[in-house]
Amino acid sequence: YSFFPGTPRWPAGKTDLTYAFLPANNLPDSVKAVFSRAFQKWSAVIPLTFTETSSYVVADIRIGFHSGDHNDGEPFDGVLGTLAHAFSPPTGILHLDGDENWVVDGDVAASAVVSAVDLESVAVHELGHVLGLGHSSEREAIMYPTISTGTRKVDLAGDDVDGIQVLYGSNPNYNGSATSTTTTTTQERDTSGGGS
Amino acid sequence: RFFPNSSSIPRSLIPTNPDGKWDAFKNLTGCHAGENVDGLANLKNYLHYFGYIDKNNFTDEFDDNLKSAIKTYQLNYNLNTTGELDGQTLEQIVRPRCGVADIVNGTSSMNSGKKTTSSGIHIHAVNH
């Protein structure tokens, strides 16, 4: 695991964070539910809670889908390439590329469509950045920078848990069982020679 | 563009090149130091964007800066640190990824930023 320079994190006294979606996106409930599940992955291991609020302006974490140049100096690039980005705490900004073919219900591995990207996998990764984690060199980690299309990886690996607990400590209810589950199809162009 | 499952994505939205905008980098397979090859400037831009190489007047020359950046990239992704654009490295480079840089302000605590031994050799841990 790694951290951003200076190891920024949310302030110690701020344990109940709110999040909101960009109103202009008019996201369906199924998409919002994906983020709710993604937040739960992190709140299960650290003593922080995440609650959705309708007030985008005052929310601690603001989530939006954008296309191309969206005025943060980090323009998106269309299908594939860069999928999303987020800013270190306490900025609380998470942007996703609106041009991607986002799969919402989790069966991204069931098709041969090479451009399908599992939304929850990317959401869990980006929330790691929102909380203060940088990228990991461990391939199994959520915070590994790349994800192949047709891949679903939503469970924190031990490396992710170790890193985030350095920043925030452990959730008292966390039982210490981090498991990493990755589902792939033949679309994962893995060069390890092991196939998918 | 939200879809309940991947089979519901219309054909018209499926790109013809499976690796998207970075697909052209695959043409650089086998490039090594000293060569001058069309497209290396774009690769330098990519490596600059993700923190591996300083901003410069990027040319298509495979110079020492590019070799060093590729080695750092290979170290971060647990690839063979050859400094060359082998197939394995390019397969990794063209994958869809997060837009957050791997190296921020010149520092990283991915593999390339880990402490070295007294002999200056990186401790390379392999996850089994």
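Treat the numbers as computed from the prediction; the structure is a model and nothing was measured. Sequence lines set the chain letters: A, B, ... in the order given, protein chains first and strands last, and positions in each chain run from 1.
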Turns out that what part of A:S30 lies under 4.5 Å from chain B's heavy atoms comes down to neither
- Task: State yes or no: do A:L22 and A:L83 share one hydrophobic cluster built from I, L, V, M, F, W and Y residues joined by side-chain heavy-atom distances below 4.5 Å, directly or via other members?
- Result: no
Heavy-atom side-chain proximity of A:P145 to B:F50 below 4.5 angstrom
no
If one checks every heavy atom of A:E74 against chain B at 4.5 Å, the contacting part turns out to be both
So CE of B:M110 and OG of A:S137: to nearest 0.5 Å the spacing works out to 3.5 Å
Turns out that what part of A:Y144 lies under 4.5 Å from chain B's heavy atoms comes down to side chain
Can you tell me if B:D64 has over 12 outside heavy atoms packed within less than 6.0 Å of its CG? no
Q: Determine, using the 4.5 Å side-chain heavy-atom cutoff (strictly less than), whether A:M143 and A:Y174 are members of one ILVMFWY cluster.
A: yes
Can you list the steps and then say if B:N78 with A:R139 is a side-chain contact (heavy atoms from CB on, under 4.5 Å)? CA-CA 9 Å; B:N78 294 315; A:R139 191 185 178 93; 5.8 Å; no
In terms of heavy-atom contacts, A:S148 and B:R95 come closest through OG-NE, 3.4 Å
Step-by-step side-chain contact (heavy atoms from CB on, under 4.5 Å) determination, B:N105 to A:F4
CA-CA 9 Å; B:N105 296 334; A:F4 291 101; over 6 Å; no
- request: Using the rule that two of Ile, Leu, Val, Met, Phe, Trp, Tyr join whenever any of their side-chain heavy atoms come within less than 4.5 Å, decide whether A:I147 and A:F76 are in one cluster.
  value: no
Worksheet item: Heavy-atom distance under 4.5 Å between the side chains of B:F2 and A:V34, does that happen here?
Response: no
Honestly, the part of B:Y46 sitting under 4.5 Å from a heavy atom of chain A is neither
Within the 4.5 Å heavy-atom criterion, are B:C98 and A:H129 side-chain neighbours or not?
yes
Answer with yes or no whether the hydrophobic clustering places A:V166 together with A:I164; edges join I, L, V, M, F, W, Y residues whose side-chain heavy atoms lie under 4.5 Å apart.
-> yes
*asked:* For residues A:I93 and A:L119: do they belong to one hydrophobic cluster (side chain heavy atoms under 4.5 Å, members Ile, Leu, Val, Met, Phe, Trp, Tyr)?
replied: no
Closest non-hydrogen atoms of A:H135 and B:V100, given as atom of the first, atom of the second and distance, are CE1-O, 2.9 Å
**Asked** When you look at CG of A:N25, are more than 12 heavy atoms from neighbouring residues, nucleotides or ligands closer to it than 6.0 Å?
**Response** yes
Q: Dump the intermediate steps for side-chain contact (heavy atoms from CB on, under 4.5 Å) on B:V104 and A:F3, then the final yes or no.
A: CA-CA 10 Å; B:V104 181; A:F3 305 118; over 6 Å; no
d(B:N111 CG, A:E138 CD) to nearest 0.5 Å is 8.5 Å
The interface call for A:F65 against chain B, heavy-atom contacts under 4.5 Å, is side chain
One should read off an interatomic distance between A:L80 CG and B:R97 CZ, to the nearest 0.5 angstrom, of 14.0 Å
Heavy-atom count check: over 12 atoms from other residues, nucleotides or ligands less than 6.0 Å from B:D54 CG? no
